[in-house]
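Atoms considered below: every heavy atom in the structure, side chains included; atoms not considered: hydrogens, waters and symmetry mates.
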Amino acid sequence: MAACFLLLLFFVQTIAEKRILLNDPDLIQSQIHALERKVEDVVAKNTDLSTKYTDLTTKYNDLFAKYNTLLTKTNDGGVFVRWGRKDCPGNNTELVYSGNVLPISNEKKTPKKQ
């Protein structure tokens, strides 16, 4: 019985020594160091993301400028129909459609009798 009491007393004393005091300077110092490391990590990640954002913004602006350049360079000229011709003049024109718009028939259509 005395051995159990001594063993219990030893455990209580061990637990009492491991108590954390709220005003323990070592604990506060270690928490401050941990927070400083976390802040440094966040600042490093923020710097990295800011650099990536700047690069992507530059690429976006370049692509947007190229897009606008392509829009202005398209040859969306007017359509000019050359009735009765089968060729295009050579001044930067191209043949888009060749053929008849309506079917041509040589037969005269007569009204159907009912």
Side-chain angles (χ1 to χ4, degrees):
M1 177 79 171
C4 287
F5 179 71
L6 287 175
L7 187 60
L8 182 63
L9 184 63
F10 175 74
F11 282 129
V12 169
Q13 189 175 16
T14 305
I15 292 172
E17 289 176 5
K18 291 186 178 182
R19 285 188 315 182
I20 298 175
L21 299 174
L22 294 177
N23 58 357
D24 183 15
D26 293 333
L27 176 67
I28 293 172
Q29 189 68 23
S30 67
Q31 289 177 339
I32 289 173
H33 286 302
L35 288 174
E36 286 174 343
R37 283 190 302 272
K38 287 182 181 180
V39 167
E40 288 173 358
D41 290 343
V42 169
V43 167
K45 287 180 182 177
N46 184 33
T47 303
D48 184 44
L49 289 175
S50 294
T51 304
K52 288 180 181 179
Y53 174 77
T54 303
D55 292 343
L56 287 175
T57 303
T58 304
K59 288 179 184 178
Y60 170 78
N61 290 335
D62 290 344
L63 288 174
F64 190 71
K66 287 178 184 177
Y67 172 75
N68 284 332
T69 302
L70 288 175
L71 281 180
T72 58
K73 284 187 177 180
T74 57
N75 295 325
D76 287 340
V79 176
F80 180 72
V81 178
R82 294 187 57 152
W83 298 106
R85 301 282 184 156
K86 294 186 180 195
D87 59 345
C88 290
N91 55 358
N92 290 331
T93 59
E94 64 178 301
L95 182 64
V96 178
Y97 176 77
S98 174
N100 298 320
V101 177
L102 295 173
I104 296 177
S105 174
N106 290 335
E107 344 176 324
K108 287 189 171 181
K109 295 201 175 197
T110 56
K112 291 185 180 179
K113 294 181 183 176
Q114 294 181 349

* **Atom pair CG (N68) and CG (L63), whose distance is rounded to the nearest 0.5 Å** => 11.0 Å

* Asked: For the atom pair CD (Q29) and CD (Q31), what is the distance rounded to the nearest 0.5 Å?
  ->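 If we round to the nearest 0.5 Å, Q29:CD and Q31:CD are 10.5 Å apart.
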
* Could you tell me whether D48 and K52 make a salt bridge, using a distance below 4.0 angstrom between a side-chain N and a carboxylate O? => yes

* To do: With sequence neighbours excluded, tell me which residues meet side chain to side chain contact (heavy atoms under 4.5 Å, CB included) with S50.
  => N46

* Reference residue Y53; test side chain to side chain contact (heavy atoms under 4.5 Å, CB included); the match among L56, T57, L49 ->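 Exactly one option meets the side chain to side chain contact (heavy atoms under 4.5 Å, CB included) with Y53, and it is T57.
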
* Asked: Who else is in the cluster with I32 when I, L, V, M, F, W and Y are joined by side-chain contacts under 4.5 Å?
  -> I28

